[in-house]
Amino acid sequence: MPILGINYEKCTECASCEDACPRGFFERSEEKGRMVFQDPKRQCALCGQCIAQCPEDAIIYKNMGESFSFDGVEKPETIVSYESILNFMKAQRSIRHYKNEKVSREVLKKVLVAMQFAPTAQNNRSENYLVLSDEEKLKALSDAVEKELLMNPATKAIYADSFAISEKRYKIPIYFDAPHVIFVSSGLNIQNEDNTIGIIVTYGRLAAQTLGLGTCWNGWTQFAMSLNPKLRDLVGIRGEKIGVFTMGYPDVTYYRTSPRIMKPVKGLE
Ligand SMILES: Cc1cc2nc3c(=O)[nH]c(=O)nc-3n(C[C@H](O)[C@H](O)[C@H](O)COP(=O)(O)O)c2cc1C
C-alpha cells in the first residue's frame, strides 16, 4: 500500500487530506481522536493530492516516486504568465525539417521526464515509452507505415500526395529524417486512454520546444499501427493506444505564427 498513513508528529489535524482525497479515504476517527487513512478495498488511485495538499508534509508514502516543492508551486500563475505561455503555444509548429544532429541523452531525458508529469485517466499511469534513434529501424518502420496506408484506397486518397513529396525530400519519408521518434503506448483498453496518450504527447512536444527542439505528431504511424498491429513488432511496442512524434533540432525558421480563425464559443457570445 503506497499511502502508509499519517505522521502524527507532524500532523496538525487540519484535515486538508480529508478535503484532498477524491475517494474519501481520510477521516477523523472519533475512537482514535485523530485523522486516519483507511482504504479497505485498496482503491487508492495514488493521485498524490493528499501529499501535495498537506501543509506539514505529514503523509507517509512509499513507491510513489518523489514529491517536489519549489518557488511558485503554491501559486503556479507566478511561474509563467498567460501572455508568455500563449505566445509559446502560438509559436509551436509541426516541424518537418530537421538538422542532421542527434539530441543528447541528457536532453532526451528532460523531455521524457516532462511527459511523465502529464495527467492520466484514473491516474492509471499505464503508459510505456520508447525513444527510437536507430536509422535502420526507422527506415523499416517508415516503409511499412507508407505501404500500409497506400494499400487501402481510402487512406491512399488522403495521404498519397504527402508521401510523394516526402519521398522526394527524405531518406526516411514518414519521419522527415528526424533523428529521434518518440513512442508512447498503452495496453489499457479504456476509452480515455486515447486522451491520456494525446496529453502525454502534448506535454512532450511543449517541453521539447523549451529546449530548442522541434517535433511533429505522427498520426500516420498511429493509424497504420491500428490497421496492422504487426507494425508494432518492428519496434517492439505493445498496446493498442499509441502516440508517436518526431523530434530533433529544427532546420527551419518561422517569422510569424500560422493564422488561426477563432471559433465562436457558445456561452461566450
Ligand atoms: C493528432 C495529430 C496527428 C497528426 N499527424 C500528423 C502526421 O501524421 N503527419 C504530419 O505531417 N503532421 C501531422 N500532424 C500535424 C498537423 O498536420 C498540424 O498540427 C496542423 O497542420 C497544424 O500545423 P501546426 O502544427 O504547424 O500548427 C498531426 C497533428 C495532430 C494533432
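Whatever order the structure lists ligands and atoms in, that order sets their numbers, starting from 1. Computation of the quantities below employed the complete heavy-atom set of this structure, encompassing side-chain atoms and omitting hydrogens, waters and symmetry-equivalent molecules.
Checked by atom type, the side-chain pair Asn124/Gln122 shows a donor-acceptor distance below 3.5 Å. If you check the side chains of Ser16 and Asp19, you find no donor sitting under 3.5 Å from an acceptor. Between the side chains of Ser258 and Arg93, at least one donor N or O lies within less than 3.5 Å of an accepting N or O.
For atom 25 (O) of ligand 1, the closest non-hydrogen atom of the protein is Ser94 OG, 2.5 Å. In terms of protein heavy atoms, atom 5 (N) of ligand 1 is closest to Gly219 N, 2.9 Å. Protein heavy atom in closest approach to atom 27 (O) of ligand 1: Arg93 NH2, 2.7 Å. Closest to atom 7 (C) of ligand 1 among all protein heavy atoms lies Trp217 O, 3.3 Å.
Using a 4.5 Å heavy-atom cutoff, the side chains of Lys156 and Leu149 are not in contact. Using a 4.5 Å cut-off on side-chain heavy atoms (C-beta onward), Cys17 and Glu27 make no contact. Between Ile60 and Phe37 there is no side-chain heavy-atom pair separated by less than 4.5 Å.
With Gln222, Arg96, Lys90, Arg205 as candidates, the residue nearest to atom 16 (C) of ligand 1 on a non-hydrogen basis is Arg96.
Contacts between Ser258 and ligand 1, counted as non-hydrogen atom pairs separated by less than 4.0 Å, are absent for every part of the residue. Only the side chain of Phe176 comes within 4.0 Å of ligand 1, counting heavy atoms alone; its backbone N, CA, C and O stay farther away.
Where the criterion is an N or O separation shorter than 3.5 Å, residue side chain and backbone included, Asn218 fails it with respect to ligand 1. Remark: ligand 1 and Cys216 share no N or O pair separated by less than 3.5 Å (distance only, no angle test).
A donor-acceptor contact shorter than 3.5 Å is absent between the side chain of Thr257 and the backbone of Pro259. A donor-acceptor pair under 3.5 Å is absent between the side-chain atoms of Tyr175 and the main chain of Met247, judged by distance alone.
Atom 20 (C) of ligand 1 lies below 4.0 Å from none of the non-hydrogen atoms of the protein.
Taking a cut-off of under 4.0 Å to the non-hydrogen atoms of Arg260, the atoms of ligand 1 that pass are 27 (O).
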